[in-house]
Enquirer: 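I have a structure I would like to understand better, so I am pasting it below and will then ask my questions one at a time.
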Amino acid sequence: MDDEIDLKNLRRRRTAKGQFAKGYSGNPTGRPRTKHQRALSSRQARRDVLEVTEELIAVRSNGGSRLVPFHQANLQSIRMKALQGHAPSQRYLHKIHLEALREHEKANPRLDRLVEKAEANAVSKSVNGLKKWEWKNLNVLRKLTWRL
């Protein structure tokens, strides 16, 4: 019963002019406390973001519809806007492309050196001409490094 406001006593606390008497508040129960939301840990936030962006969505194309992760569909839509001449999309796509290249080079320094050696070898042999299987091996090596 302490939580209920007694209107009779509230009227008595006011003066003849309608003001509250000294020592009495106009809000006897006080401001209601808010329930604070618990802060998410950075780990949980990352997990939530990954869960949402890895969700498969249907994308329509010339060949019909197919399921792709949301982040890939988002990049494709940015690419389409960039191809239409939207400058901010072009800048953003270029920026994330360069970041991805830098991260790839950091993560795979040995593979990059391997490709450079194979390309240098191919250039030195180009005077004599590369055999068909040597070009195949070089192209396969390039593809493998981009997929990692």
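Computation of the quantities below employed the complete heavy-atom set of this structure, encompassing side-chain atoms and omitting hydrogens, waters and symmetry-equivalent molecules.
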Enquirer: Any heavy-atom pair between the side chains of Thr53 and Pro69 that's under 4.5 Å?
Expert: no
Enquirer: How long is the gap from CG on Leu67 to CD on Glu55, to the nearest 0.5 Å?
Expert: 10.5 Å
Enquirer: Rounded to the nearest 0.5 Å, what separates atom CZ in Arg79 from atom CD in Gln72?
Expert: 10.0 Å
Enquirer: Which pair of heavy atoms, one from Ala58 and one from Ser65, lies closest together, and at what distance?
Expert: CB-OG, 4.5 Å
Enquirer: To check you understand the geometry: which heavy-atom pair defines the closest contact between Val59 and Ala73, and what is its length?
Expert: CG2-CB, 3.9 Å
Enquirer: What is the distance from atom CZ of Arg91 to atom NZ of Lys95, rounded to the nearest 0.5 Å?
Expert: 11.0 Å
Enquirer: At what distance, to the nearest 0.5 angstrom, does CD1 of Ile57 lie from CZ of Arg66?
Expert: 10.5 Å
Enquirer: As an exercise, state the distance from NE2 of His94 to CD of Glu99, rounded to the nearest 0.5 Å.
Expert: 10.5 Å
Enquirer: If Ile, Leu, Val, Met, Phe, Trp and Tyr residues are connected whenever their side-chain heavy atoms lie under 4.5 Å apart, and connections chain through other members, are Ile96 and Ile78 in the same group?
Expert: yes
Enquirer: Do Arg47 and Gln44 have a side chain donor and acceptor closer than 3.5 Å?
Expert: yes
Enquirer: Indicate the atoms forming the closest heavy-atom contact of Ala82 with Gln90, along with that distance.
Expert: O-NE2, 2.9 Å
Enquirer: Any chance NE2 of His71 has more than 12 other-residue heavy atoms, nucleotides or ligands included, within less than 6.0 Å?
Expert: yes
